[in-house]
Amino acid sequence: MKTWIWILGSLYVGLLILASLKSFKKGRSAEDFMFAGSNIGLLLGVLTYAAALFSTFTFLGMPDFFRLHGIGAWIFLALSDGVMVFFLVWFAYHIRKKVQTMGFKGVAGLIGNTYGNKYAGYVIFLSAFLFLIPYVGIQIQGIAIFMQAAFPNSLPAWAWAALIVAVMLVYSEIGGFKAIIFSDAIQALLLLTVIWIIGGVCLNHFGGIKSMFEAIKVVDEKLLSTPGPNGLLTPQFLIASMIAIVMIPVTQPQFTTRIIVMKNLKSTHYMAVSLGFFAILVILPTLFIGMYGAQQYSEATKDEFFANAFLYDQSGFVAALAVIGLIAAGLSTTNAQIFALGSELRGLLKGDEKKVMRITKIGIFFFSIIALAFSLKISDQIVLLARVSFAGTALMGPMILLGILSNKKVGLLMIPLSLLALVIFLLSLADVIPNHYFGLRLDLILFILLSFAALLSHLFSNK
Amino acid sequence: MQIKSRGWKICIIIFVILTIVSFTPLIIPQGIYKPEILGIPYSLWSGFFITLALVILTFAGTRMHPGGEEKKTGK
């Protein structure tokens, strides 16, 4: 396996270097560096969006989620993605229209302008920072776990994690957003190929879909329906998750940016459709891997399951592909998020462009170091951590949507309310306050209340 | 434009219905995995078809969306 990792790894690194050099342009403007000239076509658009969306969370997290919670995981992610892509068609039109009149230097900057109040931008940046950092940490940790399993007794987890962050920083610094988009394209194709190869091997182990579910019936019938063996996937959990996932293009700046840098609305729309098909294609094989895990490693820890299902049970070539595929999946999402945080920071800064870019690049470095530190502390299920990240940023959804949709002067009420909701949600995560009230999940209650407040704010705002 | 606009509204109505139905016992009956199709449990195959339907509806939505050509300004 190690020889294959060196061969495939060298090929992959070579492609990344090529992407960086191809994107490097002397004397490029800050706009070129941060937004790739806002001229991305359909194919690159789909692949970069997919690579940013489908990450370690999908590659490792979803098989683990299927293994522990059964087939309801399909509703949790794939069906919610189906809802998201339709929503994307509607949202892309409105945000691109707004950007045409107001310009774009990050979501926080844009929303600060729509409200005519810098604190709106600060609240959005705060939420992105608080909830994207753990998500980036997940990616880095996922890769580090895998590398340790592939190369036991070589480097400690923190050293692998630091190496990954260093690679990401180097190629995004050389090539900017364009290099990230090119590398995303490579990584999305690699992820799709690898996940299908491993999924195919796992399905083959059962001898077909029918036999797979027959085998799972013997393990635990509860895996074949919601809410699953642990009772997690209740309708309320699935609805709250769906809302959080649908809000991803609105509230996670790396996705909003990708909508805006598309060449035109038509390409953006077709990107949404292709993304829907991509989601089905990527999530389906994770079901096979998860069911394989449920049968073979039902009692194992997540690290043991990952190491066995992706490495030790596979041929040397497939295991090496899995290692490279995982690095690709994690790296593409990590750099998308860190770079997006950088562009959000830039949108909030004023003054000389050179100085702003210098602070932005220092900010990107600083965010990477925090994410690296966080990656060494995580011990929760990958999917549940990602879900918290989606739900946390989703709380900003009503405020952002109001800013984008309203043609009137927007009232400022949503700014303190969104901040308050953020604080309440954080308190519930820290177990200071309960996370259920009147039988309802707190994230769902907060989202409903904020949506209602946004509606009232719109109705009572002045022309 | 009128026909497009009406088509887009119909797409939205179907989208809302599909989304609501997806989270009712019609698609996710708690603890029930029958009827199966080719051994695939109920919520999985019905959820798969709804997902596919949503993506196809998204395609229809892109054809019906009334948004016109964008001006080359801004950004």
Side-chain angles (χ1 to χ4, degrees), chain A residues 31 35 38 70-72 74-75 78-79 81-83 85-90 92-94 96-97 99-104 208-214 216-217 221-227 233-236 238-239 242 260-261 264-266 269-270 272-273 275-277 279-280 283-284 287, chain B residues 4-5 7-9 11-75:
Chain A
E31 240 10 57
F35 299 122
S38 299
I71 56 97
W74 180 271
I75 311 286
L79 202 145
D81 279 344
V83 179
V85 292
F86 186 90
F87 176 81
L88 196 55
V89 171
W90 174 83
Y93 169 70
H94 289 284
R96 290 176 65 90
K97 204 168 126 190
V99 165
Q100 277 197 330
T101 55
M102 302 197 85
F104 185 72
I209 290 179
K210 195 169 184 178
S211 341
M212 178 173 81
F213 288 116
E214 288 299 326
I216 294 302
K217 263 180 213 169
E221 271 194 1
K222 286 182 180 166
L223 287 163
L224 302 177
S225 62
T226 57
L233 304 177
T234 59
Q236 206 185 120
L238 292 170
I239 291 168
M242 182 271 288
I260 288 160
V261 299
N264 52 38
L265 183 66
K266 203 173 175 185
H269 277 171
Y270 286 140
V273 179
L275 189 71
F277 284 113
I280 293 174
I283 299 166
L284 195 56
L287 163 76
Chain B
K4 262 196 161 187
S5 183
W8 173 239
K9 279 179 190 156
C11 285
I12 292 179
I13 293 167
I14 299 171
F15 164 74
V16 171
I17 293 170
L18 277 179
T19 305
I20 292 173
V21 163
S22 301
F23 297 93
T24 64
L26 204 65
I27 301 297
I28 45 169
Q30 303 287 286
I32 295 167
Y33 65 87
K34 287 181 176 170
E36 298 156 285
I37 291 184
L38 303 169
I40 303 169
Y42 175 71
S43 292
L44 185 61
W45 67 255
S46 58
F48 181 86
F49 282 127
I50 297 254
T51 309
L52 198 61
L54 282 167
V55 178
I56 293 167
L57 187 68
T58 304
F59 176 70
T62 62
R63 313 292 291 180
M64 297 294 175
H65 191 277
E69 284 300 309
E70 293 170 333
K71 285 175 277 176
K72 281 273 177 192
T73 54
K75 272 179 252 173

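Note that the coordinates shown come from a computational prediction; the quantities given were computed from them, not determined experimentally.
Contact of A/L287 with chain B is made through the side chain alone, with heavy-atom distances under 4.5 Å. For chain A, no part of B/P25 is nearby; none of its heavy atoms comes within less than 4.5 Å. Contacts between A/I280 and chain B at a heavy-atom distance below 4.5 Å involve the side chain alone, from C-beta outward. Interface residue B/F15: only side-chain heavy atoms are found under 4.5 Å from chain A. The contact between B/F48 and chain A is made by backbone and side chain atoms together, counting heavy-atom distances below 4.5 Å.
The aromatic ring centres of A/F87 and A/W90 sit less than 6.0 Å apart.
Taking 4.5 Å as the limit, some side-chain heavy atom of B/W8 sits within range of a side-chain heavy atom of A/V89. For the pair A/I75/A/L233, no side-chain contact is recorded, criterion being any heavy-atom separation below 4.5 Å from C-beta on.
Ranking A/P227, A/G276, A/A272 against chain B, the residue ahead of the rest is A/P227, based on heavy-atom pairs under 4.5 Å. Listed options A/T234, A/L224, A/V85, A/I209 were ranked by heavy-atom pairs under 4.5 angstrom with chain B; first place goes to A/L224. Of the listed residues B/L44, B/L54, B/L18, B/T58, the one with more heavy-atom pairs under 4.5 angstrom with chain A than any other is B/T58.
Pairing each heavy atom of A/M242 with each of A/V83, the nearest pair is SD-CG1, 4.0 Å. Residue B/T51 comes nearest to A/L79 through the heavy atom pair OG1-CA, 3.5 Å, listed as atom of the first residue, atom of the second, then distance.
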Expected list for residues 32-40 of chain B: side-chain donor-acceptor pairs under 3.5 angstrom, two or more places apart:
| unit_1 | atom_1 | unit_2 | atom_2 | d |
| --- | --- | --- | --- | --- |
| B/Y33 | OH | A/E221 | OE2 | 3.1 |
| B/E36 | OE2 | A/K217 | NZ | 2.9 |

